[in-house]
Amino acid sequence: MAQRTLARYLTEEQRSKGVITGDLKFLIEIVSRACQAISIAIGKGGLGGVLGEAGSDNVQGEAQKKLDVLSNDILLDANEWGGHLAAMASEEMDLPHLVPHRYPQGEYLLTFDPLDGSSNIDVNVSIGTIFSVLKCPEGADLSTPEAAEAAFLQPGTAQVAAGYAVYGPTTLLVLTVGDGVAVFTLDREQGQFILTQENVQIPADTKEFAINMANQRFWEAPVQRYVTEMQAGKEGPLGKDYNMRWVASMVADVHRIMTRGGIFMYPLDSKLKAQGGKLRLMYEANPMAMLIEQAGGAATTGRQRILDIQPERLHQRVPVILGSKNEVDRVTGYHAN
Ligand code: AHM
Ligand code: MG
């Protein structure tokens with residue numbers, strides 16, 4: 001059987017199910033091309049002179065790596081001329097990036113974390129790109145980057161597509177257009193993403209959890225209770241032994257959960273309280289929550305379904321608990337007690 005490239009998959013989704021428009025198909029293809037370019041830059045590593053600090057800070061006050069800046073530029077350059085976008089927003093930019101007037105304007109908004117997993121960039125551990133696509137509301141004010149921020153402040157339920165690329169031993173693109181989750185593997189010789197898995201389903205139960213244990217003393221009571229119960233294993237109230245994994249790249253941790261189940265938590269803690277959480281809603285939590293739900297899992301803050309949050313700010317942070325449904329429901333239930 002002929003290989004199903006990303007382009008072919010998207011055309012089939014468009015033709016047979018009508019779930020996507022031609023413009024959305026084009027947008028996703030361009031994002032996938034940018035991810036290929038990022039994958040090539042990462043692959044060069046020390047040979048390409050791309051490792052190390054860029055010598056600048058992003059809007060969140062975090063030191064930018066050279067590859068953070070390069071990945072952001074690759075995504076901006078690839079997307080601004082195609083005519084499918086009205087504006088883009090990124091973890092690495094304070095304000096939205098408007099499509100320059102010399103290019104045609106489109107109906108979609110794109111948000112991304114160009115290179116997620118900062119602490120893993122220079123140490124040859126999996127990192128990734130996360131992206132989310134929204135429709136630009138009609139009549140939105142795009143006259144200045146400041147004014148354009150309001151157009152992006154839509155709940156995750158409004159996303160029309162979401163995905164991530166993971167740059168690991170293989171480069172994968174994991175995508176949803178609201179019709180299940182599909183996985184594409186980059187064939188480096190062909191320069192194409194090829195469909196390798198469809199209808200990804202996350203098992204409802206798991207024995208694997210992911211959390212940064214170094215923050216234990218800062219967690220709130222419901223997360224303390226849940227992790228203590230998991231650590232108690234067979235003899236404890238959950239009646240089974242758990243294993244722990246923490247890559248510290250959200251894309252890699254989420255991809256493990258997509259592959260074999262598990263629960264990922266970056267919960268609220270006393271250190272993070274003032275900023276609302278660690279992970280960003282618009283380009284980390286929302287796209288991952290859409291993908292996880294589309295694969296049969298669940299995603300909450302502990303108190304609320306992530307996709308239902310009405311964003312107040314572009315760079316808003318939220319607590320994130322996602323993965324195997326029964327485990328996410330359990331710890332979310334502990335927050336209600
Ligand atoms: P980044 O976008 O600056 O890379 O931060 C997000 C990352 C996630 O990929 C990961 O889950 C988390 O931060 C790791 O945090 P920690 O270093 O506290 O373990
Ligand atoms: Mg990130």
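In each ligand, atom 1 is the first atom listed, and ligand 1 is the first ligand listed.
Using modelled atom types and a 3.5 Å distance limit, the side chains of Ser324 and Asp205 yield no donor-acceptor pair. Checking Lys271 against Asn215 by side-chain atom types alone, a donor-acceptor pair falls below 3.5 Å. In this model, a donor atom of one side chain and an acceptor atom of the other lie less than 3.5 Å apart for Thr300 and Thr332. In the model, Tyr334 has a side-chain atom that pairs as donor or acceptor with a side-chain atom of Glu229 under 3.5 Å. One side chain, Tyr167 or Thr129, offers a donor N or O that lies under 3.5 Å from an acceptor on the other.
Test Asp23, Thr21, Asn79 against Tyr108 for side chain to side chain donor-acceptor pair (under 3.5 Å) and you get one pass: Thr21.
Contacts with ligand 1 closer than 4.0 Å are made by side-chain heavy atoms of Asp113 only, the backbone lying farther away. Heavy atoms of Phe264 found under 4.0 angstrom from ligand 1 belong exclusively to the side chain. Only side-chain heavy atoms of Leu279 come within less than 4.0 Å of ligand 1; its backbone N, CA, C and O stay farther off. By the criterion of a heavy-atom distance under 4.0 Å, both the backbone and the side chain of Ser118 are placed next to ligand 1.
Against a heavy-atom cut-off of under 4.0 Å, Ser249 is close to the following atoms of ligand 1: 9 (O). Atom numbering of ligand 1 starts at 1 in the shown order; those under 4.0 Å from a heavy atom of Ala248 are 9 (O), 10 (C), 14 (C), 19 (O).
For the pair Arg280 and ligand 1, the shortest N or O to N or O distance falls below 3.5 Å. Where the criterion is an N or O separation shorter than 3.5 Å, residue side chain and backbone included, Gly117 meets it with respect to ligand 1.
Within the 4.5 Å cutoff, the side chain of Phe184 has no heavy atoms near those of the Leu172 side chain.
The residue among Met250, Glu91, Glu284, Lys278 with a heavy atom at the shortest distance from atom 13 (O) of ligand 1 is Lys278.
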